[in-house]
Amino acid sequence: MIKFLFRHNKDYSRFNIIKKLTKDLDISKDIYILLPFSKNQFFKNFFKRKKILNDFFISNYDTYVYDRKKITKKNPRAWWKYFQDWVNFRFSKYLLSDTMQHFKYWEELFGKFNGKHFVLPVLADKSIYFPNKDKIKNEKVKILFYGSFIPLHGIDVILDALYILEKGNVLFDATLIGNGQMYKKMKSKYDTLNLKNVKMDGFFISEDKLSNEIRKSDIILGIFGNSKKAQSVVPNKVYQALACKKLVITMSSDAINEFFTENEIITCKADKDLLAKKLKFFILDKEKREEIANNGYKSFCRLYDKTKNDFINFINEVDL
């Protein structure tokens, strides 16, 4: 049977999706799935590693040193995080990643992986994220961003693009939901720009309320950061928006291209002028906006079903 290894059994979307994908799977012996953010559990279960599917998902070392820049490479905490990641990566027999680009980046950091690897996209919980039954009728196009305000997100690019729209007299309403590492700095920028059509109050909301906010919106913004990690991932918000049949605009990357085309997700470089140009086009063209949103939703559904089947086949290989 499937068993899970974790430090804390958090109510986190990645955990819940993996559990849903495997809940009906009947296998003949014990197989362990090591959930993300629990890298010490690999040390504790080291001698079971031939039965462990390690969902590596993120590198703690990369997150703290390169992505969020909270510590430097010379910090002893960085050495420990690197060692944790290196052991998890190099000694796993079965490894899960969210994109092939992210996996390649880990190989750059930790060396060649010699086990079996499976790309398990982030996806979205379809019991929470689903389309509106009826079409929404907003007076002005509603733009939504939500997140934990980390450097990966590129909030400064988003705020600058919205400022360009306001100065160009483009009609829209925008909401930025969330808080985090960069919030104070971004709130200062928000106040300086004196945005009239943008709401940013620094609050988090529950997942159920978030899914409703997505369904009430017309355009969902992804990430626009400049880190290597930003180029290597497809974040939760992209899949959640697609599952709700919404138009997504996010940064162009090889990671996005692994799963989606420009007819399903709109991409651009992390540049305020290019983002403003894309936003203006889709604010003004409702028909095209709905067409891309519909294509994106169909693509998400196909990817979800394919991932479930392929993941079960991968697990069955462990069960030989």
Side-chain angles (χ1 to χ4, degrees), residues 6-8 10-15 35-42 54-89 96-99 101-110 122 145-161 176-190 200-205 207 210 221-240 250-256 269-272 275:
F6 47 80
R7 182 168 60 107
H8 299 298
K10 292 174 65 177
D11 184 21
Y12 186 76
S13 59
R14 180 78 170 179
F15 293 20
L35 296 176
F37 317 112
S38 307
K39 289 187 167 49
N40 280 336
Q41 292 296 319
F42 188 73
N54 189 344
D55 187 18
F56 199 81
F57 194 52
I58 65 166
S59 158
N60 289 334
Y61 174 77
D62 172 66
T63 297
Y64 279 82
V65 174
Y66 295 121
D67 185 39
R68 301 191 186 183
K69 296 180 174 64
K70 287 192 169 184
I71 54 178
T72 69
K73 290 192 291 184
K74 296 179 180 179
N75 190 309
R77 287 178 63 206
W79 307 343
W80 172 242
K81 290 182 184 299
Y82 184 91
F83 178 71
Q84 281 181 308
D85 286 350
W86 182 83
V87 170
N88 270 259
F89 190 77
L96 308 179
S97 71
D98 54 322
T99 72
Q101 291 302 311
H102 213 176
F103 174 75
K104 289 177 179 177
Y105 178 44
W106 297 335
E107 285 198 316
E108 290 178 21
L109 287 174
F110 308 118
V122 172
F145 170 85
Y146 56 95
S148 50
F149 280 69
I150 56 178
L152 171 80
H153 291 155
I155 310 293
D156 54 337
V157 175
I158 292 171
L159 289 174
D160 283 335
L176 278 64
I177 296 173
N179 203 320
Q181 179 185 349
M182 302 291 291
Y183 181 75
K184 285 185 179 179
K185 184 177 180 180
M186 292 302 104
K187 183 61 165 63
S188 176
K189 183 179 183 67
Y190 167 81
M200 190 173 90
D201 54 22
F203 293 126
F204 284 112
I205 60 177
E207 199 166 13
L210 175 60
L221 296 176
I223 59 173
F224 299 91
N226 58 11
S227 68
K228 188 87 180 224
K229 182 177 176 181
Q231 289 285 337
S232 303
V233 301
V234 181
N236 289 24
K237 56 181 64 63
V238 166
Y239 292 104
Q240 291 162 350
T250 193
M251 180 175 64
S252 52
S253 70
D254 289 337
I256 287 286
K269 292 180 180 179
D271 176 273
K272 61 183 180 181
L275 177 56

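Starting from 1, each residue takes its place in the sequence as its number. All values below come from the heavy atoms of this structure, side chains included, with hydrogens, waters and symmetry mates left out.
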N/O donor-acceptor pairs under 3.5 Å from side chains in residues 146-153, not counting sequence neighbours:
unit_1	atom_1	unit_2	atom_2	d
Y146	OH	Q240	OE1	2.7
H153	ND1	F149	N	3.3
H153	NE2	K237	NZ	3.4

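- Although no hydrogens or angles enter the test, the distance criterion places no donor-acceptor pair under 3.5 Å between the side chain of T99 and the main chain of A255.
- Interatomic distance, M186 CE to I155 CD1, rounded to the nearest 0.5 Å: 7.5 Å.
- We find the CZ-OG distance between F89 and S97 to be 8.5 Å, quoted to the nearest 0.5 Å.
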Problem set entry | Stepwise side chain to side chain contact (heavy atoms under 4.5 Å, CB included) check, K70 with R77 | CA-CA 10 Å; K70 287 192 169 184; R77 287 178 63 206; over 6 Å; no

Problem set entry | CA sep, side-chain torsions, deciding dist, call: V122, V234, side chain to side chain contact (heavy atoms under 4.5 Å, CB included) | CA-CA 7 Å; V122 172; V234 181; 5.9 Å; no

Exercise. Can you list the steps and then say if D156 with L159 is a side chain to side chain contact (heavy atoms under 4.5 Å, CB included)?
Worked result: CA-CA 5 Å; D156 54 337; L159 289 174; 5.8 Å; no

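- Residues E108 and K228 meet the side-chain proximity criterion, which asks for heavy atoms closer than 4.5 Å.
- Taken to the nearest 0.5 Å, the NZ atom of K104 stands 10.5 Å off from the OG atom of S232.
- Residues S227 and D67 come closest through the heavy atom pair OG-OD1, 3.1 Å.
- For K189 and D160, the salt-bridge test passes: some basic side-chain N is under 4.0 Å from an acidic carboxylate O.
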All N/O donor-acceptor pairs, side-chain side in residues 55-65, below 3.5 Å, sequence neighbours left out:
unit_1	atom_1	unit_2	atom_2	d
D55	OD1	R14	NH2	2.8
D55	OD2	R14	NE	2.8
S59	OG	Y61	N	3.4
S59	OG	D62	N	2.9
S59	OG	D85	OD2	2.7
D62	OD1	Y105	OH	2.5
T63	OG1	S59	O	2.9

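- Nearest heavy atom pair, residue N40 against residue W80, reads OD1-CZ2, 4.0 Å.
- Within a 6.0 Å sphere centred on CG of N75, heavy atoms belonging to other residues, nucleotides or ligands number more than 12.
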For this session: Determine, stepwise, if the pair K269 / M251 fulfils side chain to side chain contact (heavy atoms under 4.5 Å, CB included).
Result: CA-CA 5 Å; K269 292 180 180 179; M251 180 175 64; over 6 Å; no

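- Between W79 and K73, every side-chain heavy-atom pair lies at or beyond the 4.5 Å cut-off.
- Counting only N and O atoms by type, the side chains of D254 and Q231 include no donor and acceptor under 3.5 Å apart.
- Looking at every heavy atom in both residues, Y12 comes nearest to N236 through OH-ND2, 4.3 Å.
- In this structure, the separation between CD on Q41 and CG on N88 is 10.5 Å, given to the nearest 0.5 Å.
- Atom CZ in F204 sits 5.5 Å away from atom CG in N179 (nearest 0.5 Å).
- Among all heavy-atom pairs drawn from A270 and G225, the shortest one is CB-O, 4.3 Å.
- The shortest heavy-atom contact between G222 and T250 is CA-OG1, 3.4 Å.
- Nearest heavy-atom pair across I158 and L221 is CG2-CD1, 3.6 Å.
- Taken to the nearest 0.5 Å, the CG atom of N54 stands 7.5 Å off from the CG atom of L96.
- Distance alone, capped at 3.5 Å, is enough to place a donor-acceptor pair between the K69 side chain and the Y66 backbone.
- Of the listed residues (F103, F83, Y82, W86), just one forms a ring pair (Phe, Tyr, Trp, His ring centres under 6.0 Å) with F110, and that residue is Y82.
- In this structure, F37 has its ring center at least 6.0 angstrom away from the ring center of F6.
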